[in-house]
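What follows is a set of notes on a single structure, which appears directly below.
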There are 2 protein chains.
Amino acid sequence: MRLKMCIHMVERNIFGAVSRMDDRLDGVDRKILAELTQNARIPVAELARKVGLSKTPVALRIRHLEEIGLITGYRAILSPLKLGLTHVTYVEVSMNDTREAALQQFNAAVRAIPEVEECYMIAGGCDYLMKVRSRDMADFRRILAEKISTLPHVGNTSSHVSMEAVVEQNFRLG
Amino acid sequence: MRLKMCIHMVERNIFGAVSRMDDRLDGVDRKILAELTQNARIPVAELARKVGLSKTPVALRIRHLEEIGLITGYRAILSPLKLGLTHVTYVEVSMNDTREAALQQFNAAVRAIPEVEECYMIAGGCDYLMKVRSRDMADFRRILAEKISTLPHVGNTSSHVSMEAVVEQNFRLG
DNA sequence: CCTGAAAAATTATTCGC
DNA sequence: GCGAATAATTTTTCAGG
């Protein structure tokens, strides 16, 4: 009870902001995260050997990293190539209403589109940039016409097609 | 031996292109992938219950999906917030040399920068768009100055700072 | 191609030190 | 934090439909 309260206290600083937790991670934690980030199914025994500790503390550290929310989950990574989903397009969306309520509506609607892999609101015009993954150009056109253009408060869109994936997804720690 | 040959044959069509495999996935495979994509550590027994089969065929299907390269691995997902890495910037890079050798050099160098989470070559000017994750604006400036501006054959760059992550990363199937 | 249960292997947890 | 013993899970195997 007392411990939990302590953890809560360090998570929010005096300004009420969520503080960084990474500066409390030592070298071993970093190694554990680096390994788990590359192979989520590595046995604790092997991980312990790699980081130079025994199983007990490594298992405890992993549990702790999960409990503080630093590890949010474990996921299988699929091959876009084998799925036939290699067509990547970045779409810039400009809004015709940039009031908070309109943005909230837009955000919620975007999150319901599975083809939108990422979406960020970009400074300097209150526009959005989203990454759309599709089967091919025809598939993208359909997604743009049916799902993106029809999002609430969308002004116009500008699409930028990828010719090559140089870095597909990088899970390494900064 | 004969089976393997057969598998090989369906992976490349008469044009030599890698063919899609997703249209050979039945509903059960899709369910398995959907689950594993959300929780890589789900026990086979529980997965079997969810998809309505016994453990044996589910374990075989998972192994098969791994062997054909559709599942490329399992990874722990970390919280950017807890890592103190919430600052996302998209950088457009235009090249002053767009010949193939220069592009190859650039690609290789980009892949060595851990802060570059994604990087795509974009049609319509042979430019690149990359997503950079940093601690804050000061951190980003350093990365831009020291790591991105100094990449081989870079002309100029244009940075677009994210104000809000609407969709951070979407692993759902298309 | 799937079922269901038994067997084997691996993995996680719990101790005293 | 260590290392061994214990306990729990999971994967594999196999006969049968």
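Below, chains carry the letters A, B, ... as their sequence lines are ordered, and counting in each starts from 1.
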Could B:E168 and B:R133 be called an ion pair, given the rule that one side-chain N must be under 4.0 Å from one carboxylate O?
yes

Return the value, rounded to whole Å, for the distance between atom [atom1] of [X] and atom [atom2] of [N].
| X | N | atom1 | atom2 | value |
| --- | --- | --- | --- | --- |
| A:I62 | C:dA12 | CD1 | P | 8 Å |
| B:L47 | D:dT10 | CG | P | 12 Å |
| A:K55 | C:dC15 | NZ | P | 15 Å |
| B:L60 | D:dT11 | CG | C1' | 11 Å |
| B:R63 | D:dT11 | CZ | P | 10 Å |
| A:R49 | D:dC2 | CZ | P | 14 Å |

Using a 3.5 Å distance criterion without hydrogens, assess whether the side chain of B:N170 forms a donor-acceptor pair with backbone atoms of A:V116.
yes

Categorize B:L53 for me: base, sugar-phosphate, or nothing, with a 4.0 angstrom heavy-atom threshold over every strand shown.
sugar-phosphate

Under 4.0 Å, counting only non-hydrogen atoms across every strand here, what does B:R41 touch: a base, just sugar-phosphate, or nothing?
nothing

Residue closer to the 5' end of DNA chain C, A:P43 versus A:T56 (nearest nucleotide):
A:P43

Considering the options A:K131, A:E164, A:H160, which one meets the side-chain hydrogen bond (donor to acceptor under 3.5 Å, both in side chains) requirement together with B:Y120?
A:K131

Under 3.5 Å, is there a donor on one side chain and an acceptor on the other for A:S94 and A:D127?
no

I want to confirm an ordering. Mapping A:G52 and B:I42 to their closest nucleotides on DNA chain D, which one lands closer to the 5' end?
A:G52

